[in-house]
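Notes follow the structure.
Computed from a predicted structure; not experimentally measured. Nothing fancy with the numbering, it's 1 onward along the sequence.
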Amino acid sequence: MSREKIRFGKTGESLAVDFLKQKGYALVCQNYRTRFAEIDIIARDGDTLCFIEVKARTRTDKALPRQAVTVAKQRKIITAAAWYLKENNLHDQRSRFDVMEMVLNKGRWQVNLIPNAFQTDGP
């Protein structure tokens, strides 16, 4: 991945964090990494721990950013989230998986937060 794309993605993540804070979320962790996957943002929305995947794009004519969160990517995020919950002894913690679409259109960012964008197959 080019440095420009990495920088663009990091800008999108930073703006996503700002957006979440404005909406009352409390940032817990950013760029949580395991050997399975990375979770872009972990934040609290009230009593719910949110595992948030951020997708930043400049174009939506071929696909929406959320469409890049494939079933395979979802499985990786779910596995990393389970690891985080176990690592932090949060077994009974209410949680959900959100996706944030960040689209740069004509110099302006459009933000779309999708709560409960996907779910686990089990408990």
Side-chain angles (χ1 to χ4, degrees):
M1 190 180 308
S2 73
R3 288 183 183 181
E4 187 175 312
K5 283 188 177 185
I6 291 170
R7 197 170 331 138
F8 180 77
K10 293 297 179 190
T11 299
E13 283 183 24
S14 178
L15 292 170
V17 167
D18 292 343
F19 176 87
L20 291 167
K21 286 179 179 178
Q22 288 176 2
K23 295 291 183 187
Y25 287 63
L27 181 67
V28 174
C29 181
Q30 198 169 351
N31 302 118
Y32 173 77
R33 285 178 169 53
T34 70
R35 63 183 177 155
F36 310 109
E38 176 185 325
I39 299 173
D40 295 327
I41 300 170
I42 302 173
R44 287 198 175 279
D45 179 20
D47 66 347
T48 302
L49 193 62
C50 304
F51 299 98
I52 305 166
E53 177 69 8
V54 179
K55 289 297 179 190
R57 299 288 187 269
T58 55
R59 300 176 57 182
T60 59
D61 55 332
K62 293 185 180 181
L64 295 172
R66 74 184 87 157
Q67 293 172 298
V69 186
T70 62
V71 172
K73 178 74 171 171
Q74 291 173 20
R75 286 188 190 123
K76 287 182 179 184
I77 294 169
I78 290 166
T79 301
W83 189 262
Y84 179 86
L85 293 169
K86 182 177 181 180
E87 187 177 77
N88 290 282
N89 200 26
L90 298 170
H91 306 289
D92 295 328
Q93 173 65 58
R94 177 187 301 211
S95 60
R96 72 173 191 241
F97 298 94
D98 300 351
V99 171
M100 287 194 73
E101 295 179 310
M102 308 294 294
V103 179
L104 183 59
N105 186 7
K106 297 179 183 177
R108 296 191 60 165
W109 285 94
Q110 298 169 331
V111 181
N112 182 26
L113 173 62
I114 306 166
N116 287 310
F118 59 92
Q119 297 161 12
T120 64
D121 292 333

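Two residues are said to be in side-chain contact when any heavy atoms from C-beta on lie closer than 4.5 Å; T60 and E101 fail this criterion. By the 4.5 Å heavy-atom criterion applied to side chains, L90 and Y84 are counted as neighbours. Side-chain contact check for F97 versus E53: every heavy-atom pair is 4.5 Å or farther apart. Between N112 and R66, some side-chain heavy-atom pair lies under the 4.5 Å cut-off.
Heavy atoms only, all atoms of each residue included: Q30 and L27 are closest at OE1-CD2, 4.3 Å. Minimum heavy-atom separation, V28 to L49: CG2-CD1, 4.0 Å.
One hydrophobic cluster holds both I41 and Y25 under the rule that ILVMFWY side chains link at heavy-atom gaps under 4.5 Å. Cluster membership for F36 and I78, using ILVMFWY side-chain heavy atoms within less than 4.5 angstrom, is shared. In terms of hydrophobic clustering, with Ile, Leu, Val, Met, Phe, Trp and Tyr side chains grouped at heavy-atom distances under 4.5 Å, V69 and M100 are assigned to different clusters. Linking Ile, Leu, Val, Met, Phe, Trp and Tyr whenever their side-chain heavy atoms come within less than 4.5 Å puts W109 and L113 in one cluster. Residues F51 and V54 do not share a hydrophobic cluster, defined by chaining ILVMFWY side chains whose heavy atoms lie under 4.5 Å apart.
The main-chain N or O of T120 is never found under 3.5 Å from a side-chain atom of Q74 such that the two would form a donor-acceptor pair. At distances below 3.5 Å, not a single donor-acceptor pair connects side-chain atoms of D98 with backbone N or O atoms of C50.
When each of N116, T48, D45 is tested with R96 by the rule side-chain hydrogen bond (donor to acceptor under 3.5 Å, both in side chains), just one qualifies, namely D45.
No more than 12 heavy atoms of other residues, nucleotides or ligands shown are found within 6.0 angstrom of CG on D92. Residue-environment remark: CZ (R75) stays at or below the threshold of 12 foreign heavy atoms within 6.0 Å.
For the atom pair R57 CZ and L104 CG, the distance stands at 13.0 Å (nearest 0.5 Å). Taken to the nearest 0.5 Å, the NZ atom of K55 stands 14.0 Å off from the CD1 atom of I52. Put simply, OG on S95 and CD on Q119 are 10.5 Å apart, with the number rounded to the nearest 0.5 Å.
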Which atom pairs, one a donor and one an acceptor, fall under 3.5 Å between side chains of residues 3-21 and the rest of the protein, sequence neighbours left out?
residue: T11; atom: OG1; partner: R7; partner atom: O; Å: 3.0
residue: E13; atom: OE1; partner: N31; partner atom: ND2; Å: 3.0

